[in-house]
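Here is the structure we will look at, set down as structure tokens.
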Amino acid sequence: MADPKGFLNHGREVARARPVEERVKDWNEVYVPGSLLPIIPTQASRCMDCGIPFCHNGCPLGNLIPEWNDFAYREDWSAASERLHATNNFPEFTGRLCPAPCESACVLGINQPAVTIKNVEVSIIDKAWDSGDVAAQAPERLSGKTVAVIGSGPAGLAAAQQLTRAGHTVAVYERADRVGGLLRYGIPEFKMEKRHINRRIEQMRAEGTRFRTGIEIGRDLKATDLRKRYDAVVIAAGATVSRDLPAPGRELNGIHFAMEYLPLANKVQEGDFVSPPITAEGKHVVVIGGGDTGADCVGTAHRQGAASVTQLEIMPQPGEDRAPHQPWPTFPMLYKVTSAHEEGGDRVYSVSTTHFEGDEDGNVQWLHLVEVAFVDGKLTQKPGTERKIPAQLVTLAMGFTGTDQENGLVSQFALELDERGNIARDGDYATNVPGVFVAGDAGRGQSLIVWAIAEGRSAARGVDRFLTGVSELPAPVRPTDRSLMV
């Protein structure tokens, strides 16, 4: 463990953000570069000798959090990196993007602010990259078996890296023009600079993983033909079908899914556009959906120079403290102020969109809404609360409903679906088609990045055992496992 009295002597201190007026003028990550590492040994010392580390249960990867906290406290960064990588292929992704269910399960968090596990994690991996402790791990010998991975998000990349290191020849197919999936085009640059993805991809290439971009399985290459080429296939295509809002006026220009809007902003940072085809500049922006994707739209609109930004959520505003029905160590629904919310805009809760209003040219101009409440378990509109707000750009960030079935991947493989519309799999992540496996949101449904990586690692074990009869690869989660939530 770290300092036995650390949690008594030190309070919680988190990463320091750059001033709002500075960071909204660029697309760099919001935190002050280099400001986190000096405070991390002290923060790591707050990790308790709690006997049963519930942070392990909060994290589906089973991260060895007390162990790498101890090494960080002692500033043994090489050992900390080794412990970190023992369970997580990409800690620089989770350290920046994960909502940290491990911190919600921290024993210290019962009556004090939890250990800053996420900040410690990202500090360890950033230090490891700077120190040269992250190196390619090419297999000693090849198995002669080949695997295709469909999708290069966190689940696909984790499965690919594990299988490559096990000695199999792995090719990752990505329908976009660059590797990374939603990490590349769904996450704004200010939350995670894409250089973090790029250097991981270079590490994976050095290990032997091959990448095929601009190829959509089902359209550009038939799924059945892919299966003939490879000994096994892992489907990690994600849950990419956005939930729509079938309100009158939905057809007006200026109403877009978040995943139509955000990728274009990222493509500007990649150098593909001088300015995005869809921009918030000078417009009144309304974001429908109160989750992380909605917050990403808010932060992006600020940087594009929106005239105003309003975020709508149909549910009531969460509290700042745990509700009685969400006790420790579950992951509670709390009122969260992200860096994007710090930058401005309005957040409106308990409202529902009734319809959109446009101008004579078919462009959206107004959004009409009404206040709602739950009465006897049913969502009910409050009479007399109707109003309209200006809306010249509307982004729909209401989550995702499942994997893409229009491209032919599901039908060409003849895959069975579960009752939620996800691709069905057994305990080894195998589908009903021999040699075809599924990992991540395509099988689980919309979830967190830590679950995607955990599923990618677990599916890799199933594939390895299918190809060789045995496997020593870790499998941190089962397909039926769920988050510690109530």
Side-chain angles (χ1 to χ4, degrees), residues 61-62 64 81-91 93 128 132-174 179-181 197 199-213 215 217 221 223 225-237 425-431 433-440 442-443 452-479:
L61 283 165
L64 306 173
S81 173
E82 187 278 326
R83 289 287 79 195
L84 190 56
H85 280 103
T87 57
N88 189 350
N89 298 71
F90 314 116
F93 301 165
D133 286 334
V134 183
Q137 301 178 33
E140 294 183 358
R141 59 179 178 271
L142 298 179
S143 67
K145 302 293 185 178
T146 58
V147 183
V149 176
I150 303 173
S152 66
L157 292 179
Q161 186 167 63
Q162 292 293 96
L163 290 167
T164 297
R165 290 175 175 178
H168 308 303
T169 301
V170 180
V172 178
Y173 287 81
E174 169 57 52
V179 175
I197 303 175
R199 62 187 179 187
R200 274 297 176 187
I201 299 306
E202 290 308 308
Q203 180 202 32
M204 293 180 66
R205 284 197 172 104
E207 292 171 348
T209 304
R210 303 169 184 176
F211 294 94
R212 307 282 187 266
T213 57
I215 300 176
I217 306 303
L221 177 62
D225 292 340
L226 184 78
R227 180 66 186 92
K228 293 175 183 177
R229 294 186 187 183
Y230 293 89
D231 297 310
V233 175
V234 179
I235 299 173
R425 64 267 182 93
D426 64 15
D428 281 334
Y429 292 82
T431 69
V433 181
V436 178
F437 298 75
V438 62
I453 297 174
E455 286 220 354
R457 289 170 65 88
S458 300
R461 177 183 174 90
V463 174
D464 189 35
R465 185 155 55 187
F466 169 78
L467 295 174
T468 65
V470 295
S471 180
E472 295 181 356
L473 294 177
V477 293
R478 297 165 298 184

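The structure places OG1 of T164 at 9.5 Å from CZ of R210, a figure rounded to the nearest 0.5 Å. Atom CZ of residue F93 and atom CD1 of residue I197 lie 5.5 Å apart, to the nearest 0.5 angstrom. Rounded to the nearest 0.5 angstrom, N88 CG and R83 CZ are separated by 13.0 Å. Here the NE2 atom belonging to H85 is positioned 8.0 Å from the CD atom belonging to Q137, to the nearest 0.5 angstrom. Atom CG of L226 and atom CG of L221 lie 5.5 Å apart (nearest 0.5 Å). Separation of atoms CG (D133) and CG (L84) is listed at 11.5 Å; rounding is to 0.5 Å.
For the residue pair A206 and A138, the shortest heavy atom distance occurs at O-CB, 4.4 Å. Y429 and P479 make their closest contact through OH-N, 3.4 Å (heavy atoms, listed as atom of the first residue, atom of the second, distance). When all heavy atoms are compared, the tightest approach of L61 to R457 is CD2-CD, 3.8 Å. Considering every non-hydrogen atom in both S143 and H168, the closest pair reads OG-ND1, 2.6 Å.
Not a single side chain to side chain donor-acceptor pair (under 3.5 Å) links R212 to another residue, sequence neighbours left out. Residues passing the ring-ring contact (aromatic ring centres under 6.0 Å, His included) test with F437 are F466, sequence neighbours excluded. F211 pairs by the ring-ring contact (aromatic ring centres under 6.0 Å, His included) definition with nothing, not counting sequence neighbours. Residues meeting the ring-ring contact (aromatic ring centres under 6.0 Å, His included) test with Y230, sequence neighbours left out: none.
Listed by first and then second residue, the salt bridge (charged side-chain N to carboxylate O under 4.0 Å, His left out) pairs that reach into residues 459-469 are D428-R465, sequence neighbours excluded.
In this structure, R229 contributes its side chain and T146 its backbone to no donor-acceptor pair below 3.5 Å.
For the pair V233/I217, no side-chain contact is recorded, criterion being any heavy-atom separation below 4.5 Å from C-beta on.
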Determine whether R205 and E202 satisfy the following criterion, salt bridge (charged side-chain N to carboxylate O under 4.0 Å, His left out), listing intermediate values before the conclusion. CA-CA 5 Å; R205 284 197 172 104; E202 290 308 308; 3.0 Å; yes
For residues 147-161, tabulate all N or O donor-acceptor pairs below 3.5 Å that involve a side-chain atom, not counting sequence neighbours.
unit_1	atom_1	unit_2	atom_2	d
S152	OG	E174	OE1	2.7
S152	OG	G180	N	2.8
S152	OG	G181	N	3.4
Q161	OE1	N89	ND2	2.8
Q161	NE2	Q203	OE1	3.2
Q161	NE2	E207	OE1	3.3

